[in-house]
Amino acid sequence: MVTVRTDQTPRTDRTAPGEETARTARGEGTAPAGGGAAPSPPAGNSADHAIVIRGLTKRFRGGQVAVDRLDLAVPRGSVFGFLGPNGSGKTTTIRMLLGLVAPTAGDWELLGTPMPGGIGAVLPRVGALVEGPAFYPYLSGEANLRRYDAADPAADPRTAASRIGLALERVGLTAAARKRYRAYSLGMRQRLAIAAALLGPRELLILDEPTNGLDPQGTREVRSLVAEVASGGTTVFVSSHLLAEIEQMCTHVGVMRAGRLVAEGPVAELRAGEEARVRVETPDPAAAAAVLAGLGLTEVRTGAAEAGAALGALPPERVTAALVAGGVAVRGLAVHRPSLEDVFVGLTGEGFDVDG
Amino acid sequence: MSTADAAVDPAVGTAAGAVPETAEAGPGAGTGTGAGTGAGTGPAAGTRAGALAGITEGPARRPGAVRAWSRLLVSETGLIFRRPRNIAMLAVLALVPVLLGAALRLFGGPDEGEAGGGGAIFAQIAGNGLFLTFAALALLVQLMLPVAVAVVAGDGIAGEAGGGTLRYLLTAPAGRTRLLTVKYAGAVLFSLAAVALVALSALLTGLALFPAGPITLLSGTTIPFAEGVLRIGVVVLYATAGMAALAAVSLALSTLTEVAVGAIAATVVLVIAAQVVSAIPQLSGLQPYLLTHWWSGFDGVLRDPVATAEMGQGLLVFAAYTAIFGSVAWARFTGRDVTA
């Protein structure tokens, strides 16, 4: 189910402050909103959700509200894209999830355990990459991973060496394992951070901008790594401001804007919200437009050497057949399905950049 | 130079290696004594319980927690003693007694009367090499050792925050109380290593450059050489307790900032300010409350029987400082947002 929120609807049924109200408000606010027999709605229970957030709010001391009554549910096993412009509250949300920043209001669960009480028990099963890599420059990559492994009380020191070796191998850093972190390139640093998130068997991976600083090759490797981890049943929560990246990696998506969630749902359904268009290249646009209109298509437009229309539910081959039958010279025919970018620009405004 | 290097290198190894066994003695004894009385500082009694709870919470829960705590401590000490900056500081600290001994040997002359200007301890060095250890500790404990300890303890939380590694330690999850107690234990171990290294370097230099043998104490009685070495051990533990109290102050400052240099500088400024205050005769009433006043209060071991009164007072002050600033650090660190 896709829930698209405008600024008006959620505000009205969430006027009362406090955690209890926030919790019930989420049920009212989201469950009835979208129709259809889609999989579990975001209001679902904690057993089949890796992350459940209810009414989470962070107001910093200066009075700035970074996250504003956020409700979010991440289904287990999904690759959830957490999307939004820079400064929309993604990183603050992730910091709150991991217990680094205390929320002003609201509560959340990780892997079915209420937080922040369960942090010590749950975080060993959660791998995290928060706001870029951070390591000790005078230690080697391997020694850096050993340091973080030592900080995890649930990690077994006897298996540390093999787990570290495996993590380094998965991100392709085995050859550089003994090099000092200081000498690592930006891409290698990012890979090491991902290796740190993969040190143990994880049920949930929280990756904040995992492809920052990576070259196209590295980006592709991260994508396949995420797919590989997800295929093992691990839920992946990945934030990004890059739409294409999310579109290629994720099964579900949530869109933040100015501290609020403006849309969430499976990628395919979000995309289905925008209609596909058919575009015909022809020396005779008027004739083509007439055929398209004759098929009952709407939004028929003509250009210099082309004609187009909203495809709706009509199979493209019917359009081809009709054009040929109508004697229209066809040079090319394309079906344009909208990318997530088209969807999100509609949700967050044209400037998918820093929110002022 | 070659003799200096030779003295430094094995000394580093020995000090670091000896650390885990003897570590608990210094601060442990200090805190234990302190719990009995609230002498000296009023607010100590109220906050002490909190600090102790914080300090013992990590290791005391269950055996697994002890193992996890020790593993993080091993990692922490590895970080401290492998860090080039800290190794350099230890090397410089070890070099000072060598230079001091050499200077006294070259310019002090064999005549005790000439060396008498430098205080009672300095006058004795020419007569017995063991006194070089007391002299070196008395000299270094005023500023150089505190600076070294402030660098390590002040870096504790602020350095991790500034480098961004704090967020990864906490999401590992290291646990805030556990991380703080490990950081403090690491700083205490570094203090012990630094003090022991100075003592060892001075002892070897003293033996190499000056006569050894039975020692004539300040009170006139003579004790065997071995007992003299034992008393040096007492001084090392006492000085470590003093540095451990400073480490608590520095660690508390470290939880207030993300800039390690800020915490380090603030600690050093506080040390110097305290020493300025204690140099003003009109403010002598404040002296018993100043940490710096008690650091060199180990003259008592050079008397027979050992004069324990001043050292006992000193340990109480160290314990009070540790408790107060330990509580501050704990309260601040467990409640703070980590945004770096």
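Quick note: numbers below take in every heavy atom, side chains included, and nothing from hydrogens, waters or symmetry partners. The chains referred to below are lettered A, B, ... by the order of the sequence lines, with proteins before strands, and numbering in each begins at 1.
With a 4.5 Å cut-off on non-hydrogen atoms, B:R336 touches chain A through its backbone but not through its side chain. Contact of B:E76 with chain A is made through backbone and side chain together, with heavy-atom distances under 4.5 Å. With a threshold of 4.5 angstrom between heavy atoms, A:R147 approaches chain B through its backbone and through its side chain. In this structure, the portions of A:D149 lying under 4.5 Å from any heavy atom of chain B include both its backbone and its side chain.
Chain B forms more heavy-atom pairs under 4.5 Å with one residue of A:P124, A:A155, A:P137 than with any other, namely A:P124. Counting heavy-atom pairs closer than 4.5 Å to chain A, the top residue among B:G78, B:G159, B:A174 is B:A174. The candidate from A:G127, A:G200, A:P133 with the greatest count of non-hydrogen atom pairs under 4.5 Å with chain B is A:P133. When the candidates A:A193, A:G132, A:G99 are compared by the number of heavy-atom contacts under 4.5 Å with chain B, A:G132 comes out ahead.
With rounding to the nearest 0.5 Å, the separation of CG in B:L169 from CG in A:D152 is 11.0 Å. In this structure, B:T165 OG1 and A:L139 CG are separated by 10.0 Å, a value rounded to the nearest 0.5 Å.
Between B:R71 and A:P157, the shortest heavy-atom distance links the atoms NE-CB, 3.6 Å. Across B:R167 and A:L100, no two heavy atoms sit closer than the pair CB-CD1, 3.7 Å. When all heavy atoms are compared, the tightest approach of A:A134 to B:G163 is CB-O, 3.4 Å.
Residues that satisfy the ring pair (Phe, Tyr, Trp, His ring centres under 6.0 Å) test with A:Y181, not counting sequence neighbours, are A:F135, A:Y184.
Counting heavy atoms from C-beta on, the side chains of B:T339 and A:V101 come closer than 4.5 Å. A:Y136 is not listed as a side-chain neighbour of B:R82, based on a closest heavy-atom distance of 4.5 Å or more.
The list of ring-ring contact (aromatic ring centres under 6.0 Å, His included) pairs with a residue in residues 161-183 of chain B, not counting sequence neighbours, reads A:Y148-B:Y168.
Remark: side-chain polar atoms of B:R67 are not paired, donor with acceptor, to backbone N or O of A:P153 under 3.5 angstrom.
For CD of A:E228, the number of neighbouring non-hydrogen atoms (other residues, nucleotides, ligands) closer than 6.0 Å is greater than 12.
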Give the C-alpha distance, both sets of side-chain angles, the deciding distance and a yes or no for salt bridge (Lys or Arg N to Asp or Glu O under 4.0 Å) between B:D337 and A:K58.
CA-CA 11 Å; B:D337 280 351; A:K58 180 62 188 182; 2.6 Å; yes

